[in-house]
Structure formats: structure tokens, C-alpha cells
Visitor: 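Sharing a structure here in C-alpha cells format.
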2 protein chains.
Amino acid sequence: MSQKGRPRSFDRDAALRQAMRVFWKKGYDGASLAELTTAMGINSPSLYAAFGSKEALFREAVDLYGATEGVDIWGAFERPGSAREAISDLLRASARAFSEPGDPRGCLIVLGALNVSETNAEVFRDLSERRMSSARDLAGRLKQAVAAGELPESADCDAISAFYLAVQQGMSVQARDGASRAALLAIADGAMAAWDALTAGSGRNAGA
Amino acid sequence: MSQKGRPRSFDRDAALRQAMRVFWKKGYDGASLAELTTAMGINSPSLYAAFGSKEALFREAVDLYGATEGVDIWGAFERPGSAREAISDLLRASARAFSEPGDPRGCLIVLGALNVSETNAEVFRDLSERRMSSARDLAGRLKQAVAAGELPESADCDAISAFYLAVQQGMSVQARDGASRAALLAIADGAMAAWDALTAGSGRNAGA
DNA sequence: TCTATTTTGTATCGTTCAATACCGAAAGAT
DNA sequence: ATCTTTCGGTATTGAACGATACAAAATAGA
């Protein structure tokens, strides 16, 4: 009923998966239409008919990334367990995801567009908001732990969240530089070494 | 004696400084020749005569960045003091440099080229090597502290170095997302909260 | 003053970019 | 079987890209 004319001859989901991998590897600006259409196995008119534009295709690709890789990485936040376990699992899952053999290295949401140009301003904003949304999710999990009495009231949840997210983002950079899975896991463990001092600290500027 | 023909009518160093700021803000790929020449106040033939190519100009810009911003950030490694002070100063100086009013946010060496394309492969490699060289410098300072008896033999200097560098790299990402100076400094302090546990730990995988 | 040498500004090179016009092909609807 | 609708493939669009050809302009040395 919905299918009136000539049916599409390619798998839209499979094509989107290939596009996601190209964006993941090359970034938004670095991924050319020629490279995208080659990887997707279609011609550019088919791409525009099915996805609208390069920017719209990228948005769908990022959504798909969140629904696949993102679930692997952030899954610990849905499962029961302590806040410490959730963050440790987040970092260790990130280390594994960013060094998965056969996959592009690092995180699409972090590496997809870090420089603003005239053509990618909206894309940068979208990714930036996703990153900041992750920070809010992480802080929310910590505040929940405070409310549950798991962490002291003095814990600076926003600062702790920003710190652990910075570690995860730095792992994306080092993954691009070829860091081994063991090296990334060591970074994750190193970050968890701060947990006791961070959560027991006096909230504002515990270190120094 | 060396000046035979028509003298150059612009200040090469000043033009390079402007080029550095454009690359810093837009990245290597995102900085177009038109934008560079406009900021430098010259035409493209003058750019090519004075610097050779866009890639060669970028290399000189990164060298200048290292000789100016880099000195501010890594200065603590030349000054006397404990390894802990050196790393704390490194992170806090990074937080300040990445949020300096009037300057582009984040680090040119981290953000200049994180996606590899056909035209920037050598640029990516150059920046990647600079990042890894920083990791070696940081680890070297830690090993020096171990040799001096300041840190225990069990300290995993490479892992600690990778962790703190990841924090610094993540700070560049959050600086691009608009994080305040206070937020970046809080990340630096949060990372230092790991120091005691990291350096006293059993070398391999202290956390978890 | 004349020649050699280098820089300057204009105008443009060929390539690649994202995005379409066009038309024949392939399906459902009647 | 014919009409309508949508898709596929070829060819191409105008704009922006990095990089130069060229000739006038400006200096040093003769």
C-alpha cells in the first residue's frame, strides 16, 4: 500500500551502517560524497532521495551510533549497581569499544566534528550537545548516588562528571593515535584511582 | 647583501601568528586558503612564496604554537619541583591556556587534525607524533622521580603518563564545547585526586 | 641608468566538493 | 494493457578548493 512505484533496490539500513562507518573513520567534513556513495553501494541521487542531504545522513548515522556503540558504552548506567561500578564500567567499556578490531578507533560523537566551519556549524552543535548531555547523565547518576546515601553530600557531582568524561574523551584521542586496548584500559583504571579521594573530598577543589 | 630583489612588504612573523590562530580555531582542513590569506593580510602567491604550501605553513604554525602556548603549558617540566607539582601545574596551566579570553579554545596539537584524509595524512602523523612525544616526556619525568626515590619503584610511569595526558586531551574537547575556566580547573584538580592512589599503587591495574 | 632578482596583485588553473536535471526502468493501480 | 509513481544511472551543475602563470613594481648591484 505504501509502496507504489519502483521499489528501492538497496537495503537502507545496511547503507546507513556503511555511512556510519565512513563518518566514524573520517569525520563529517572528511567524509566525501564520493566515499560515502562508494561505501554504501549507491549513487548520489539515491543517497539524496533516501536521506535528504549529507547532514541529514550524518544525523541518522550518529543516531545509529548511539543505538549500537552507545548502548555498549553506556549500558552500565541502566543496570543495577553502585555509581562507582557504573563509571568504572563506562570507562572500561569505552576502552574496549575504542579499540575494537575492525572498527574505526575512538568515538564518533567526540571525533566527528571538533572544528567549526561554515558548512558544519549545525553538526558541531549537535555533537556538542550530545557530549554535554552525556555529562548531565553522568552527573545525574552521581546525584542519585548522593540522594541514596551512597556518596556524601559534599561530593561535587558536576566536577566529578566532567573529570570522568574528560578521561573518556581523551581516550578517543589516544585511540586515534593507535593506543592499545591495554593502554586504554590502564587509563580507565587510573581514572578510577581518583574515586575515593574525589567522592570523599570537600566538594570544592579537593586536590592541589 | 642577502636582499637582492623587491623587499617583502609584510611581516612574515606577524603573518605566521595570524595563520596559527586560524589553524588553531578551524583545524588544518577547516582553514581555507582564502581565510588564511585574509587573516594574514596577503595574497596567495605571497603565501606560497614565503611558506611553500598550506602544509608547510601549518608546520611552522604548530612550531610557533609549541614555542609560545606550549611553553606556558609545559613550563613546569623545566622548573624545579616535585613530579606531582609538575603534573599539577601542567594540568592547571592547560586549563588556563584552553580558556584564555580572546584565544581559540583548546589545544592546536590535539584539535588540529584528528581525522585522516588523503590530503592531511602527513599533518595527522605530525600532530600524532607530537602528542606521543608529550606522553614520553611526561613518563620520563615520572621515571626521573622514581630514580630520585620520590616515587616507588612499583609506579607504572607509562600508565600514569597516559592517564594524565588523556585528562589534558579531554580538557581540549570540553574547552571547545564552551566549558568555563573554573570547570577546566576542576577537572585538573579532580585528576590530581588520583595521585596518591596511582603512585602508591601496585603498578599494574591498581584500581577496580 | 641599466640589468638582474624578487615581490606583488590579478586572474585563473584543474580538481573536487555537495547537490540535481534528466530520462529510461520497474513496480502498483485500474 | 495503460497510467501513475517512484527509483536507478548518467551526466552535469555552480561553488569552493589548493595552487600558479603572468606581468607590473620595487629593490640591489653594476
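Letters go in sequence order (proteins before strands), and every chain restarts at 1.
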Visitor: Is it true that a side-chain atom of B:Ser46 and a backbone atom of B:Ile42 form a donor plus acceptor pair closer than 3.5 Å?
Guide: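 Judged by distance alone, no pair lies under 3.5 Å.
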Visitor: Once side chain to side chain donor-acceptor pair (under 3.5 Å) is applied, do any residues pair with A:Lys26, and if so which ones, sequence neighbours excluded?
Guide: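 Expected list: A:Glu35.
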Visitor: At a heavy-atom distance below 4.0 Å, what parts of residues 32-40 of chain A sit against DNA chain C?
Guide: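 Correct list: A:Ser32, A:Leu33.
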Visitor: For residues 116-125 of chain B, which residues have at least one heavy atom under 4.0 Å from DNA chain D?
Guide: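 Per residue number, the list is empty: none.
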Visitor: Quick one: list whatever passes side chain to side chain donor-acceptor pair (under 3.5 Å) with B:Ser128, sequence neighbours left out.
Guide: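 So B:Ser128 forms a side chain to side chain donor-acceptor pair (under 3.5 Å) with A:Asp177.
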Visitor: Per the side chain to side chain donor-acceptor pair (under 3.5 Å) rule, what does the pair list look like for residues 56-72 of chain A, sequence neighbours excluded?
Guide: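 For residues 56-72 of chain A, and leaving out neighbouring residues, the side chain to side chain donor-acceptor pair (under 3.5 Å) pairs sorted by first residue read A:Arg12-A:Glu60, A:Glu55-A:Arg59, A:Asp63-A:Arg130.
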Visitor: Honestly, is A:Arg79 close enough over A:Phe77, meaning NZ or CZ under 6.0 Å from the six-membered ring centre and within 45° of the axis?
Guide: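 Geometry flag: not set, cation outside 6.0 Å or 45°.
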Visitor: For B:Cys157, is there any backbone N or O sitting under 3.5 Å from a side-chain donor or acceptor partner on B:Ser161?
Guide: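 Here the side-chain-to-backbone pair does not exist.
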Visitor: Cationic tip of B:Arg8 within the cone over B:Phe10's six-membered ring, i.e. under 6.0 Å and within 45° of the normal?
Guide: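 Yes, a cation-pi geometry holds between B:Arg8 and B:Phe10.
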Visitor: With a distance cut-off below 6.0 Å to the six-membered ring centre and an angular limit of 45° from the axis, does B:Lys54 pair with B:Tyr28 as a cation-pi contact?
Guide: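 Yes; both conditions hold, so B:Lys54 lies above the ring face of B:Tyr28.
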Visitor: Using C1' atoms of five pairs at each end, report the bend of the helix from C:dT1-D:dA30 to C:dT30-D:dA1 rounded to 10 degrees.
Guide: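 Inter-axis angle at the termini of the helix from C:dT1-D:dA30 to C:dT30-D:dA1: 0°.
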Visitor: Describe, in one word, how the ring planes of B:Tyr164 and B:Trp195 are oriented to each other, choosing from parallel (under 30°), tilted (30 to 60°) and perpendicular (over 60°).
Guide: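 Rings of B:Tyr164 and B:Trp195: tilted, as their planes differ by 30° to 60°.
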Visitor: List for me each residue that meets side chain to side chain donor-acceptor pair (under 3.5 Å) alongside B:Asp158, sequence neighbours excluded, and say none if there are none.
Guide: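 Partners of B:Asp158 under the side chain to side chain donor-acceptor pair (under 3.5 Å) test: B:Lys143.
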Visitor: Any N or O donor-acceptor pair linking the side chain of B:Arg6 to the base of C:dT7 at under 3.5 Å?
Guide: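 Pair found.
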Visitor: Report all side-chain donor-acceptor pairs from residues 107-115 of chain B shorter than 3.5 Å, counting only partners two or more places apart or in another chain.
Guide:
from, atom 1, to, atom 2, distance (Å)
B:Asn115, OD1, A:Arg176, NH1, 2.7
B:Asn115, ND2, A:Leu111, O, 3.0

Visitor: B:Gln169 and A:Gln174: side-chain hydrogen bond (donor to acceptor under 3.5 Å, both in side chains), yes or no, with the steps?
Guide: CA-CA 9 Å; B:Gln169 291 161 349; A:Gln174 297 196 25; 3.3 Å; yes
Visitor: In terms of side-chain heavy atoms, does A:Ser117 have a donor or acceptor partner in A:Asn120 at a distance below 3.5 Å?
Guide: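 Looking only at side-chain atoms, A:Asn120 and A:Ser117 do form a donor-acceptor pair, the distance falling under 3.5 Å.
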Visitor: Does a side-chain N or O of B:Asn43 approach OP1 or OP2 of C:dG9 to a distance below 4.0 Å, or not?
Guide: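 Yes, because at least one side-chain N or O of B:Asn43 sits under 4.0 Å from OP1 or OP2 of C:dG9.
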Visitor: Between residues 44-65 of chain B and DNA chain D, which residues have a heavy-atom gap below 4.0 Å?
Guide: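 DNA chain D contact set from residues 44-65 of chain B: B:Ser44, B:Pro45, B:Tyr48, B:Lys54.
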Visitor: Could you give all pairs that pass the side chain to side chain donor-acceptor pair (under 3.5 Å) test and reach residues 99-110 of chain B, with sequence neighbours left out?
Guide: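 Only B:Arg21-B:Asp103, B:Ser99-B:Arg181, B:Glu100-B:Arg181 qualify under side chain to side chain donor-acceptor pair (under 3.5 Å).
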Visitor: For DNA chain D, find the residues of residues 7-31 of chain A with a heavy-atom distance under 4.0 Å and give them by number; none if there aren't any.
Guide: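 Heavy-atom cutoff 4.0 Å gives A:Pro7, A:Arg8, A:Ser9, A:Phe10.
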Visitor: Please identify each residue that fulfils salt bridge (charged side-chain N to carboxylate O under 4.0 Å, His left out) with A:Glu85, with sequence neighbours left out.
Guide: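 So A:Glu85 forms no salt bridge (charged side-chain N to carboxylate O under 4.0 Å, His left out) with any residue.
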